[in-house]
Amino acid sequence: MQMFSVFGSRNEPPETFSSYPSFNRPFPGDPGKLSIEQVEANIKHLYQVHDERLEIATAFLNDHGIEVSNLGWRDFFQKLDDIGVLIEQVLVPVSVAHAPRHLSKVSKSDWVASFDGRNIIYSFLTDISILCFHHLNTAFDGKLRWDTWSDQYLDPGIAEAIDLSVANRIVVCGLHLKSSGVEMPEDIELLFFCTVRAGCMDLPAFARPLSEVFGEKIDEFEAR
């Protein structure tokens with residue numbers, strides 16, 4: 001696996017991502033502050049740029065030694081561990097070099113809402129989330145969809161635990177536990193975004209190998 005030089009000035013993107021295309025949503029910002037109409041516009045945009053962002057993420061991974069072109073979903077999920085290593089090698093120094101020194105709960109939500117400049121890392125992580133959704137949706141015969149958190153899904157402890165707003169976040173819906181039939185939305189993007197916070201705290205980016213995390217979804221869930 002290639003090692004990366006990622007340090008740049010505090011106001012410039014790290015070298016690894018200096019030419020990475022930014023993911024520009026119609027309505028950027030903390031999703032908790034957006035209207036339902038604005039969030040729906042962001043979802044529509046997500047579908048519109050889906051194929052383009054898949055190509056961007058695939059090209060970037062291929063260029064950095066992780067060949068994911070033309071893989072079926074099973075083989076892709078096995079590659080996720082290599083992608084996790086890549087993220088850890090990039091995110092830890094990026095977090096230290098580029099994250100603001102002092103972040104309140106509100107400013108953290110705004111910080112992760114900016115996807116360009118010194119925050120270009122979040123464009124990359126969004127694209128990895130789209131790539132994961134694409135393969136997960138393939139595994140579940142195209143029955144999954146992007147949607148927003150709703151009151152029935154919200155756990156009051158989640159926002160406090162991750163120290164970020166979860167309101168109006170775009171998540172993967174359509175997954176139901178085989179054991180109970182309960183629908184469990186998956187915030188894939190947040191899974192990757194939280195690696196930045198982990199890096200700032202000098203913690204491992206992922207608690208478990210990504211191949212296990214996504215493999216469990218195949219084993220424990222069904223799509224409706």
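No experiment lies behind these values; they were computed from the predicted model shown.
- Residues Ile128 and Phe60 fail the side-chain proximity criterion, which asks for heavy atoms closer than 4.5 Å.
- At least one side-chain heavy atom of Glu189 sits under 4.5 Å from a side-chain heavy atom of Thr126.
- The side-chain heavy atoms of Ile83 and Phe76, taken from C-beta on, include a pair separated by under 4.5 Å.
- Within the 4.5 Å cutoff, the side chain of Leu136 has heavy atoms near those of the Phe77 side chain.
- Listed by first then second residue, pairs satisfying side chain to side chain donor-acceptor pair (under 3.5 Å) with a partner in residues 211-224 read Asp81-Ser211, Glu186-Lys217, Arg208-Glu216, Glu222-Arg224, not counting sequence neighbours.
- With a 4.5 Å cut-off on side-chain heavy atoms, Leu131 and Leu54 count as touching.
- Of the inter-residue distances, the one linking Trp73 atom CH2 with His135 atom NE2 reads 11.5 Å to the nearest 0.5 angstrom.
- Here the rule is side chain to side chain contact (heavy atoms under 4.5 Å, CB included) with Trp146, and of Val172, Asn42, Asn137, Val171 only Val172 fits it.
- Taken to the nearest 0.5 Å, the CG atom of Leu71 stands 8.5 Å off from the OG1 atom of Thr58.
- By the 4.5 Å heavy-atom criterion applied to side chains, Leu144 and Cys173 are not counted as neighbours.
- Judged by distance alone, with hydrogens and angles left aside, the side-chain atoms of His134 form no donor-acceptor pair with the main-chain N or O of Ile130 at under 3.5 Å.
- Between the CD1 atom of Ile43 and the NE2 atom of His45 there is a distance of 12.5 Å, given to the nearest 0.5 Å.
- Side-chain atoms of Phe192 and Asp187, non-hydrogen and from C-beta on, never get closer than 4.5 Å to each other.
- Under the 4.5 Å side-chain heavy-atom criterion for grouping Ile, Leu, Val, Met, Phe, Trp and Tyr, Leu46 is not connected to Ile36 through any hydrophobic cluster.
- Screening residues 123-141 for salt bridge (Lys or Arg N to Asp or Glu O under 4.0 Å), with sequence neighbours left out, gives Arg53-Asp127.
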